[in-house]
Undergrad: 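Mind having a look at this structure? Questions to follow.
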Amino acid sequence: MTTFPQTRLRRLRQSPQIRQMMGTPLPGPERFIWPIFVRTGTNIKEPIDSMPGQYRWSIDRLPEAIDTLLAQGVNSVLIFGLPDLDSKSSDGIAATFDDGIVQQAVLTLTQHYPELMIFTDVCLCAYTSHGHCGPLSGVGQVDNDEANLLLTKVAISHANAGAHAVAPSAMMDGQIAALRNGLDSAGFQNTILMSYSTKFASAMYGPFRDAEQSSPQDGDRKGYQADYSNLKQAMRESVLDEDEGADILMVKPSLFYLDIVARLSEITNLPLAVYNVSGEYSMLIATADRGWGDLRDMVQESTAALARSGADIIISYWADRYKEMFT
Ligand code: PBG
Ligand code: ZN
């Protein structure tokens with residue numbers, strides 16, 4: 001057995017050239033999806049306080065956002081809608097309306113950017129008055145099966161507006177089967193289903209809930225989102241969604257869950273997405289702002305970790321700054 005001093009691992013790290021030859025490159029822009037917030041109103045590009053560098057856009061200003069994105073080489077968006085506050089209701093029915101904010105944004109984008117890949121978030125929490133991801137059946141209890149009926153309508157309306165992929169994020173049991181059946185019956189066999197398959201009840205969604213104004217008024221989401229202390233259930237969540245017909249699986253959040261990403265990528269042949277969530281984004285910005293770390297270096301290191309752990313697709317708020325961060 002050869003060992004030190006003959007074996008010296010530093011031999012293969014001597015220069016940037018040799019390191020690059022051995023290392024995995026940073027994921028290219030084609031692997032990224034940029035989450036974008038769309039709101040009602042006109043001529044609005046409203047900064048999100050808790051997510052510096054990200055905005056709520058009115059539909060007429062979307063071209064500015066999309067032109068920037070395309071210039072980075074990134075070709076995909078994940079749309080989140082902020083409806084008018086007075087359209088919120090106990091069941092979130094406004095999420096299903098064909099003239100809703102997401103549906104309108106999708107229509108506009110498909111007209112102006114035929115090459116852009118459009119994913120939409122399918123959930124009810126931005127549309128329910130109580131902020132939970134479906135109608136309630138009791139105190140703090142979401143009615144699972146009723147939510148599935150509504151979510152299916154939401155997905156069909158998004159597909160009807162031209163979304164290429166719908167991404168249900170409500171963590172209802174059976175939501176993937178419900179959406180696949182509903183989409184197929186409505187003639188949308190080609191609409192891709194990207195499941196938020198293992199989505200944890202996480203403390204890292206805070207900035208997003210501020211951005212979306214979608215915090216639950218009472219209680220939390222621990223009754224439906226996955227428990228981060230339970231590895232076996234986390235795996236079952238994704239395995240079941242594969243069985244129900246998901247085209248793409250997802251782990252969310254990403255950086256605290258690389259063990260799940262690595263395990264899942266070994267047992268599934270579906271493409272695997274990770275959602276580098278708002279808290280993970282803002283955490284790096286906050287650190288850099290205090291002079292405690294270099295933003296670009298932290299972004300590169302954390303994104304490399306996502307790719308290394310087995311993620312094929314990276315949903316990231318860094319996508320609209322791809323060139324600055326990754327090249
Ligand atoms: C809503 C939804 C959330 C996120 C995506 N879809 C928040 C939540 O479940 O509370 C989080 C995204 C992020 O934090 O960047 N179902
Ligand atoms: Zn939700």
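Every heavy atom of this structure was used, including side-chain atoms; hydrogens, water molecules and symmetry mates were not. Indexing begins at 1, ligand by ligand and atom by atom, following the structure's order.
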Undergrad: Angle at the Zn ion (ligand 2), SG of C125 to SG of C123, rounded to 10 degrees, please.
TA: 120°
Undergrad: Going by the angle between their ring planes, with limits at 30° and 60°, are Y257 and F200 parallel, tilted or perpendicular?
TA: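 Plane angle under 30°, so parallel.
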Undergrad: Distance under 4.0 Å to a non-hydrogen atom of R221: what atoms of ligand 1 satisfy this?
TA: 8 (C), 9 (O), 10 (O)
Undergrad: Atoms of ligand 1 less than 4.0 Å from C123 heavy atoms?
TA: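 Contacts of ligand 1 toward C123, numbered from 1: 16 (N).
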Undergrad: Test R180 against D241 for salt bridge (charged side-chain N to carboxylate O under 4.0 Å, His left out), laying out the working first.
TA: CA-CA 11 Å; R180 187 72 271 159; D241 284 5; over 6 Å; no
Undergrad: Please state which protein non-hydrogen atom is closest to atom 1 (C) of ligand 1 and give its distance, to 0.1 Å?
TA: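 Protein heavy atom with the smallest distance to atom 1 (C) of ligand 1: C125 SG, 3.4 Å.
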Undergrad: For atom 6 (N) of ligand 1, which protein heavy atom lies nearest, and how many Å away is it?
TA: K252 NZ, 3.4 Å
Undergrad: Would you mind listing which atoms of ligand 1 come within a distance below 4.0 Å of any non-hydrogen atom of S169?
TA: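 So the atoms of ligand 1 that pass are 1 (C), 6 (N), 16 (N).
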Undergrad: Which of these, E212, R209, M171, has its nearest heavy atom closest to atom 10 (O) of ligand 1?
TA: R209
Undergrad: Considering non-hydrogen atoms of the protein only, which is the closest contact for atom 14 (O) of ligand 1, and what is the distance?
TA: S278 OG, 2.8 Å
Undergrad: Can you tell me if Q225 has a non-hydrogen atom under 4.0 Å from ligand 1?
TA: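 Within the 4.0 Å threshold, so yes.
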Undergrad: Pull out every atom of ligand 1 sitting under 4.0 Å from any heavy atom of F80, numbered as shown with elements.
TA: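 Reading through ligand 1 atom by atom, the close ones are 5 (C), 6 (N).
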Undergrad: Would you compute the distance between atom CG of L70 and atom CG of N75 and round it to the nearest 0.5 angstrom?
TA: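 Separation between the atoms: 6.0 Å.
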Undergrad: Would you say the ring centers of F208 and F80 fall short of 6.0 Å from each other?
TA: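 That pair passes the under 6.0 Å test.
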Undergrad: Among I313, L78, I33, L306, find the one that has a side chain to side chain contact (heavy atoms under 4.5 Å, CB included) with Y275.
TA: L78
Undergrad: Does the side chain of T40 come under 3.5 Å of the side chain of D84 through a donor N or O and an acceptor N or O?
TA: yes
Undergrad: Sequence neighbours left out, what pairs pass side-chain hydrogen bond (donor to acceptor under 3.5 Å, both in side chains) with at least one residue falling in residues 124-138?
TA: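 Residue pairs passing side-chain hydrogen bond (donor to acceptor under 3.5 Å, both in side chains), neighbours aside: H132-Y224.
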Undergrad: What's the shortest distance from atom 9 (O) of ligand 1 to any protein heavy atom, and which residue and atom give it?
TA: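 Result: K199 NZ, 2.7 Å.
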Undergrad: Using heavy atoms and a 4.0 Å limit, tell me yes or no: is Y275 in contact with ligand 1?
TA: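 Distance cut 4.0 Å: Y275 passes for ligand 1.
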Undergrad: Quick one: which of T268, T198, D243 gives a side-chain hydrogen bond (donor to acceptor under 3.5 Å, both in side chains) with S238?
TA: T198
Undergrad: With a cut-off of 4.0 Å, which atoms of ligand 1 are near a heavy atom of D121?
TA: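 Contacts of ligand 1 toward D121, numbered from 1: 6 (N).
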Undergrad: Return the residue, atom name and 0.1 Å-rounded distance of the protein heavy atom closest to atom 12 (C) of ligand 1.
TA: F208 CD1, 3.3 Å
Undergrad: Can you see whether W34 engages Q54 through a side-chain donor-acceptor pair at a distance of less than 3.5 angstrom?
TA: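 Yes.
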